[in-house]
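Each chain gets a letter, A, B and so on, in the order the sequences are listed, and its residues count up from 1.
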2 protein chains.
Amino acid sequence: MQQKTQQSKLRQKKVVDFHVVKVACKECSLHQLCLPRSITGADLEKLDEIIERKRPLKRNEHLFQVGGSFNSIYVVRSGSLKTYSPTVDGQEQVTGFHLPGELLGLDAIGKGKHPCAAKALETTSVCEVPFEHLEGLAQELPTLQHQLLRLMSKEIFDDQELMLLLGKKTAEARLSAFLLSISLRFKQRGFSSTEFYLSMSRNDIANYLGLAVETVSRMFTRFQEDGLIKAERKHIVIKDREMMQKIAGMNDCCEDPVDDQSQLFV
Amino acid sequence: MQQKTQQSKLRQKKVVDFHVVKVACKECSLHQLCLPRSITGADLEKLDEIIERKRPLKRNEHLFQVGGSFNSIYVVRSGSLKTYSPTVDGQEQVTGFHLPGELLGLDAIGKGKHPCAAKALETTSVCEVPFEHLEGLAQELPTLQHQLLRLMSKEIFDDQELMLLLGKKTAEARLSAFLLSISLRFKQRGFSSTEFYLSMSRNDIANYLGLAVETVSRMFTRFQEDGLIKAERKHIVIKDREMMQKIAGMNDCCEDPVDDQSQLFV
DNA sequence: TTATATTCTTGACCTAAATCAAGGGGAAAC
DNA sequence: GTTTCCCCTTGATTTAGGTCAAGAATATAA
């Protein structure tokens, strides 16, 4: 009861709508992660105005489909999604996983159409940021323009890391690097970096890493035997991070300190 | 003589400097490829002002080194470069090839340092675009901001295509896709799409595609035997594009019509 | 020009991971 | 509760492509 009243107060003049629940950015638990520090006050309200919160997606629901027209970028608030595109032979290719605080849709700006589909791996809520508005706002706010460019640059950089993984690394290095990457991303969002829940199936992981499911499964088993991790179904515990980094053949750059400026909205 | 006088006229009040030869954008042969159509007149002059032309690089000279601080993005005017980063085991990983009209350095915006090095594959000239100035200008010119975002998005999209290649395709599909990609890029720049010169070594190609040199060599041989291409050292002729597309397992999207808006500067 | 070093090609062999095949265990549906 | 289906694991076998080795062609240096 008490809580309800508080929430109402916070929502202030906003219409309560059970389908599109609006929660202002400054009330969001991920606020400090999400916005450039320098954006505050009036600017923050401007941002807040253009952002829409969609009703949560259920598992396996799509956020957008391949070829769908691009209007917005999305930020994961809770839950997780995978993006994937169809290949010629009717298979699907998983192109990425998106955890809370991470963006989707940047690859669609160029063509104005989504080159991949996005599907929720669990119950997931996202913020929708209409791109035209965002562009307009970036025109006014240099910090925001800068942040946007940085974010896209980071995406390019990350993709290149993954290319390296796919092109040159063994199955065991790939899985190790994958787990460490997930671990790091959870850590950056303030979650445990040693213990987490993998919302995606082994199949999705294999697909993403360019391996067969069987290979991934075998690697999980081997990592457990070697005492590197504890894996009970989707619940993972990293036990020997040091060793896993060695196996992954990590560049030092992957251990860079968390960059607070790395996110835009949540 | 006549020509010289003309050039002098065109260069107008600019100081002639043999180290940094300045040539205005509107005089550049690649002008129409390079600039968004809507940028003209006074805006074009603003752009022109911030761009620096560096003296040409000789083969094997570096444009920038790994870890070098990021100040500018670069556009290839003629020649070509490869970008590569060092791996843990002291090897190098080729992350891309850059043909005339293409950009380098977008992956460095995020961290402010170059995550890869860029080396000329032949005598190469580039335009240098100081990033701070570009950002400032994009703040004034919405078209430019938009163009910049589009370009970065395209880079993300292209990287994802390559990830797919590296993760799922056979050696023969990789090489076929590579050759078709080069062919398309030459075409977009107004060169022949069926006959071209590969400035990079087999080694670089193999590295880039995540294959052994020997495998690449064998594939070249096989493609010739099958009458798909004619390859005499680095001179390549595409003889059966249709079949190569089949082998590459191309998504239809790769045959998209040329997008004039795809470039920024040259 | 000859000498030396790359870069490329080809062949023989081997290994990492794919494929094929068969069970086992949870979660969702009835 | 029981059934169904999907996801995961494990084992046996195959294969694409890596590695090793050697020679040919071309480029670079002397």
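- Arg218(B) and Glu172(B) are not joined by a salt bridge, as no carboxylate oxygen comes within less than 4.0 angstrom of a charged side-chain nitrogen.
- Across the protein-nucleic acid pair, Asn60(A) atom CG and dA28(C) atom P stand 11 Å apart, rounded to whole Å.
- The distance from atom CE of Met219(B) to atom C1' of dT9(C) is 13 Å, rounded to the nearest whole Å.
- Here the C1' atom of nucleotide dG17(D) and the CG atom of Asn207(B) are 16 Å apart, to the nearest Å.
- Using a 4.0 Å heavy-atom cutoff across all strands shown, Ala212(A) reaches at least one base atom of the nucleic acid.
- What separates NZ of Lys169(A) from P of dG17(D) is a distance of 21 Å, to the nearest Å.
- Listed by first and then second residue, the salt bridge (Lys or Arg N to Asp or Glu O under 4.0 Å) pairs involving residues 202-212 of chain B are Lys82(B)-Asp204(B) (not counting sequence neighbours).
- The aromatic rings of Phe191(A) and Phe186(A) lie perpendicular to each other, with more than 60° between the two planes, well past the 30° mark.
- By the 4.0 Å N-to-carboxylate-O rule, Asp226(B) lies too far from Arg222(B) to be salt-bridged with it.
- In this entry the distance linking CD of Glu232(A) with C1' of dG26(C) reads 12 Å, nearest Å.
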**Prompt:** How does each nucleotide of nucleotides 8-14 of chain D score, in 5' to 3' order, for protein heavy atoms under 4.0 Å: base (B), sugar-phosphate only (S), or none (-)?
**Reply:** SBBBB--

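- For the residue pair Ser193(B)/Arg185(B), the side-chain donor-acceptor check at 3.5 Å is not satisfied.
- Following rounding to the nearest Å, Lys168(B) (NZ) and dA17(C) (C1') show an atom-to-atom distance of 14 Å.
- Between the CD1 atom of Ile236(B) and the C1' atom of dC8(C) there is a distance of 13 Å, given to the nearest Å.
- Separating the CG atom of Leu211(B) from the P atom of dC8(C) is a distance of 15 Å, rounded to the nearest angstrom.
- Using a cut-off of 4.0 Å between Lys/Arg side-chain N and Asp/Glu carboxylate O, Lys230(B) and Glu232(B) are scored as salt-bridged.
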